[in-house]
There are 2 protein chains.
Amino acid sequence: MVENFNEMNLQTLVYLAKCLADENRLRILFCVSKEKKSVSTIVEELQLSQPLISHHLKELKRSLLVTVERSGPFVYYELSDERILSILGKLNELGDDLLKARVSF
Amino acid sequence: MVENFNEMNLQTLVYLAKCLADENRLRILFCVSKEKKSVSTIVEELQLSQPLISHHLKELKRSLLVTVERSGPFVYYELSDERILSILGKLNELGDDLLKARVSF
DNA sequence: TCAGTATATAAATGTATATTTATATATCTA
DNA sequence: TAGATATATAAATATACATTTATATACTGA
């Protein structure tokens, strides 16, 4: 993995970060992270409107963060890559530490 | 590091991801990642207007991604934590792989 | 204290995007 | 094929945010 910005695709980074920068999309990602779930299941679990869920799923699909699979009338979504969780975990840890360091002065 | 969303602070994640979801802010982060730099240096290197740089630096400071230090008339900004680069590196790598997997069918 | 430089802030503008509401499409079953 | 359910899309609205322009504040040296 490179950490040299010359080798990083800024547009890709921005695109992915934007997709992760919404609380409802994060909730959806976590919701489908252990197993694939139908839209209606996600709607029920997250208590958000069906069009809103569909809209966010479309964004997540466009950014390739989830995969889609139709089975009969149901459409199942699932996290596309485990690393997404690990990256979010690291970002969360960083945020914690930054806040901790901050309140100490 | 936890990858269990129950232990993650969604608000913090959203806040940090938003801050990373702008190309100019990413360029600033990389610009100050090796050494602290004054605002005018950043302006010159990135070829953006001074008020725009100041605005983004304010956001980066609010999100604790950079630290600030004044010295005389100059204000120096620097990346606050090396892990920011490593997280961006991993996100970049993920994006690459997702795209690769995508074009293969 | 005044002039010049460095940086920050405010106001104005344009654009992107989250959400809601309404409707369309797709699939299954009777 | 008609009706019911599952999902997607479109239009409308509201809000957030990036950028520009103009101006204010902070510091330094004469």
Side-chain angles (χ1 to χ4, degrees), chain A residues 10-32 35-80 88, chain B residues 10-32 35-80 88:
Chain A
L10 290 194
Q11 318 244 359
T12 300
L13 277 178
V14 167
Y15 197 74
L16 288 177
K18 261 187 196 164
C19 211
L20 298 175
D22 180 275
E23 183 165 347
N24 285 332
R25 278 196 294 269
L26 286 182
R27 292 175 68 210
I28 293 174
L29 280 180
F30 289 125
C31 181
V32 301
E35 52 190 346
K36 63 184 173 191
K37 287 182 185 161
S38 67
V39 176
S40 43
T41 302
I42 301 170
V43 166
E44 191 181 358
E45 290 192 7
L46 299 189
Q47 297 274 67
L48 294 171
S49 75
Q50 180 267 316
L52 184 55
I53 294 284
S54 274
H55 169 254
H56 284 310
L57 283 170
K58 189 179 183 180
E59 284 303 302
L60 289 168
K61 189 177 83 181
R62 283 206 338 146
S63 64
L64 306 177
L65 293 176
V66 298
T67 57
V68 196
E69 183 184 334
R70 178 178 274 270
S71 173
F74 299 98
V75 179
Y76 292 94
Y77 288 86
E78 186 174 20
L79 194 72
S80 65
L88 288 172
Chain B
L10 289 193
Q11 319 243 358
T12 300
L13 277 177
V14 167
Y15 196 74
L16 288 177
K18 261 188 196 162
C19 212
L20 298 175
D22 180 275
E23 183 165 348
N24 285 331
R25 278 196 294 269
L26 286 182
R27 292 175 68 211
I28 294 174
L29 280 180
F30 289 125
C31 179
V32 302
E35 53 189 345
K36 63 184 171 189
K37 286 182 186 162
S38 67
V39 176
S40 43
T41 300
I42 301 169
V43 166
E44 192 181 358
E45 292 191 7
L46 299 189
Q47 297 275 65
L48 294 172
S49 74
Q50 179 267 315
L52 183 56
I53 293 284
S54 273
H55 169 253
H56 284 311
L57 284 170
K58 189 180 183 179
E59 285 303 301
L60 290 167
K61 188 177 84 180
R62 282 206 340 146
S63 63
L64 305 177
L65 293 176
V66 298
T67 55
V68 197
E69 184 185 331
R70 177 177 274 269
S71 173
F74 299 99
V75 179
Y76 293 93
Y77 288 85
E78 187 174 19
L79 193 72
S80 65
L88 289 173

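Chain letters run A, B, ... following the sequence lines, proteins first and then strands; every chain starts at 1.
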Let me confirm one number: the CG-CD1 distance from N24(B) to I53(B), rounded to the nearest 0.5 Å. 7.0 Å
Between E44(A) and S40(A), do the side chains contain a donor N or O and an acceptor N or O under 3.5 Å apart? no
Decide whether E59(A) and S63(A) meet the rule of one side-chain donor and one side-chain acceptor closer than 3.5 Å. no
Value in whole Å for how far the [atom2] atom of [N] lies from [atom1] of [X]:
X	N	atom1	atom2	result
K58(B)	dC17(D)	NZ	P	13 Å
E59(A)	dT9(D)	CD	C1'	13 Å
L52(A)	dT19(C)	CG	P	5 Å
K37(A)	dA6(D)	NZ	P	17 Å
H56(B)	dT20(D)	NE2	P	9 Å
Y76(A)	dT7(D)	OH	P	8 Å
L57(A)	dA6(D)	CG	C1'	13 Å
E23(B)	dA18(D)	CD	P	13 Å

Can you tell me if CD on Q11(A) sees more than 12 non-hydrogen neighbours from other groups inside 6.0 Å? no
Using a cut-off of 4.0 Å on non-hydrogen atoms, how would the nucleic acid contact of H55(B) be classed: base, sugar-phosphate, or nothing? base
Please state whether the phosphate of [N], meaning OP1 or OP2, lies under 4.0 angstrom from any side-chain nitrogen or oxygen of [X].
X	N	answer
Y77(B)	dA8(C)	yes
N24(B)	dT19(D)	yes
K18(B)	dC17(D)	yes
S38(B)	dA6(C)	no
S54(A)	dT9(D)	no

Starting the side chain at C-beta, find the nucleotide from dT7(C), dT7(D), dA18(D) nearest to V39(A). dT7(D)
Below 4.0 angstrom, N of the basic side chain to O of the carboxylate: do E69(A) and K36(A) qualify? yes
Judged by nearest nucleotide, the residue sitting upstream toward the 5' end of DNA chain C, P51(A) or R70(A), is P51(A)
Look at the side chain of Q50(B) and the base of dA8(C), then say whether one donor and one acceptor between them are separated by less than 3.5 Å. yes
